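All remarks here apply to the structure that follows.
Keep in mind it's a predicted model, so treat the numbers as computed, not measured.
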Amino acid sequence: MDHARNLSQHASITLDASASYAVIDAKIRSDFHDNNDVSDMLQSNLADQKEQTITYHTSEKRHYKVGRNSRVVLYQQVFLYSGIHSKMNVFKTTPEPLPNDQLLEEVPIDLVIAPRNFIKGVKVVYGDHLSDRPVDCVKSWKGSPLREGKDDDVNDGFGGKFVFLVPEVTTNVAEALTRFETIITSKTLEYDSLSKGSSGKNRYLRPVRDRRNKDMYITDLMLAWYKRTEDENYPIDQDIWPNLSKGYDPISINEGRDGPDEFLVWKTEKAYTL
């Protein structure tokens, strides 16, 4: 990201300082691209861009013959890149130490970056029929084909309106959310009700932006259903959905209602701004 910042300041490209950029492709010189260590690490960084430390240890024995009254200086090529430190399987011997200008070589890497999308809110959309479901609404992760898409209706099974959630997206990190809270009350609040037309208390989603979250913001939303027993208590552990990707946090929408529990779950990722 430091390199991208320098480019935006000194080159003829424009980057939005309010956005967080992700690398979507990287190209490197062929002799390094063909190296498995470098290639694997670059692809790993592209596929799963998050802060982590992965260390590989290898050992190797090499034998060199040194004549009497002579010496051999042994060098090993090392590849250094942002977040990558790899000792290559390339060695060189010289009778004398190499000058400093031959010890370092810049290797250009062409990066393709794009602004990342974050969730800045959720629009509540009402309908009278299932066909009113927006194509971009939050989808159910554990939906059954027998329900014909009703899993996407957060008010399904309780009467009243069809209620769908449509995520609102932004590239501006200052607008991104960190979590949601469920409000269950008999009062009428400023938010759109998730239980419109149903009996019982009103249910609302309150968007939260917590500045203490260390720059972790919501990037993805989905719905998940679970039928719990009377012996189970909240909060629901993520192990209930073993196939749901790790890193998602759930809140219950239907807590206190009869029938299956429905959860809004979201994924957060760290944002890096210029």
Determine whether Arg179 and Asp210 satisfy the following criterion, side chain to side chain contact (heavy atoms under 4.5 Å, CB included), listing intermediate values before the conclusion. CA-CA 8 Å; Arg179 57 188 172 90; Asp210 189 346; 4.2 Å; yes
Step-by-step side chain to side chain contact (heavy atoms under 4.5 Å, CB included) determination, Val122 to Val166: CA-CA 6 Å; Val122 166; Val166 177; over 6 Å; no
Audit row: Val154, Phe164, side chain to side chain contact (heavy atoms under 4.5 Å, CB included) steps and yes/no: CA-CA 6 Å; Val154 300; Phe164 306 100; over 6 Å; no
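When hydrophobic clusters are built by joining Ile, Leu, Val, Met, Phe, Trp and Tyr residues whose side-chain heavy atoms come closer than 4.5 Å, directly or via intermediates, Phe158 is not grouped with Ile184. Using a 4.5 Å cut-off between side-chain heavy atoms of Ile, Leu, Val, Met, Phe, Trp and Tyr, with links allowed through other members, Leu223 and Val169 fall into the same hydrophobic cluster. No continuous path of hydrophobic side-chain contacts links Tyr191 to Leu177 [ILVMFWY only; heavy atoms under 4.5 Å]. The hydrophobic clustering, which links ILVMFWY residues whose side-chain heavy atoms are closer than 4.5 Å, places Val66 and Leu74 apart. Follow the hydrophobic side-chain contacts under 4.5 Å out from Val138 and you never reach Tyr204; the two are in separate clusters.
Scanning for side-chain hydrogen bond (donor to acceptor under 3.5 Å, both in side chains) contacts around Ser193 gives Ser195, with sequence neighbours left out. With sequence neighbours excluded, the residues satisfying salt bridge (charged side-chain N to carboxylate O under 4.0 Å, His left out) with Glu96 are Arg71. A search for side-chain hydrogen bond (donor to acceptor under 3.5 Å, both in side chains) contacts involving Thr178 returns nothing, not counting sequence neighbours.
With hydrogens and angles disregarded, no donor-acceptor distance shorter than 3.5 Å links the side chain of Thr219 to the backbone of Glu269. In this structure, the side chain of Lys139 engages the main chain of Cys137 through a donor-acceptor pair within 3.5 Å. At distances below 3.5 Å, at least one donor-acceptor pair connects side-chain atoms of Asn202 with backbone N or O atoms of Lys187. Without hydrogens or angle criteria, Tyr217 side chain to Arg209 main chain gives no donor-acceptor distance under 3.5 Å. For the pair Asp153 (side chain) and Val163 (backbone), a donor-acceptor distance under 3.5 Å is present.
Thr94 places a side-chain heavy atom less than 4.5 Å from the side chain of Tyr75. Between Arg116 and Phe118, some side-chain heavy-atom pair lies under the 4.5 Å cut-off. Counting heavy atoms from C-beta on, the side chains of Asn100 and Gln102 never come closer than 4.5 Å. In this structure, the side chains of Thr93 and Val73 stay at 4.5 Å or more apart for every pair of heavy atoms. Taking 4.5 Å as the limit, some side-chain heavy atom of Ile251 sits within range of a side-chain heavy atom of Leu205. With contacts defined as side-chain heavy-atom distances shorter than 4.5 Å, the pair Arg257/Ser198 qualifies.
Here Arg206 contributes atom CZ and Thr182 contributes atom OG1; the two are 10.5 Å apart, rounded to the nearest 0.5 Å. Rounding to the nearest 0.5 angstrom, the gap separating the CD1 atom in Ile119 from the CD atom in Glu168 is 9.0 Å. Interatomic distance, NZ of Lys120 versus OG1 of Thr171, reported as 9.0 Å (0.5 Å rounding).
The number of heavy atoms from other shown groups lying within 6.0 Å of NZ (Lys201) does not exceed 12.
Using a 4.0 Å cut-off between charged side-chain N and carboxylate O, Arg133 and Asp152 make a salt bridge.
Between Leu221 and Trp266, the shortest heavy-atom distance links the atoms CD2-CB, 3.5 Å. For Phe180 against Pro207, the heavy-atom pair with the smallest separation is CD2-CA, 3.8 Å. Listed here is the closest heavy atom pair of Leu264 and Leu165: CD1-CD1, 4.4 Å. Looking at every heavy atom in both residues, Lys161 comes nearest to Asn155 through O-ND2, 3.1 Å. Between Pro134 and Val125, the closest heavy-atom pair is CG-CG1, 3.9 Å.
A cation-pi contact, defined as under 6.0 Å to the ring centre and within 45° of the axis, links Lys196 to Tyr126.
Thr170 and Asn117 share no donor-acceptor pair across their side chains, judged by distance under 3.5 Å alone.
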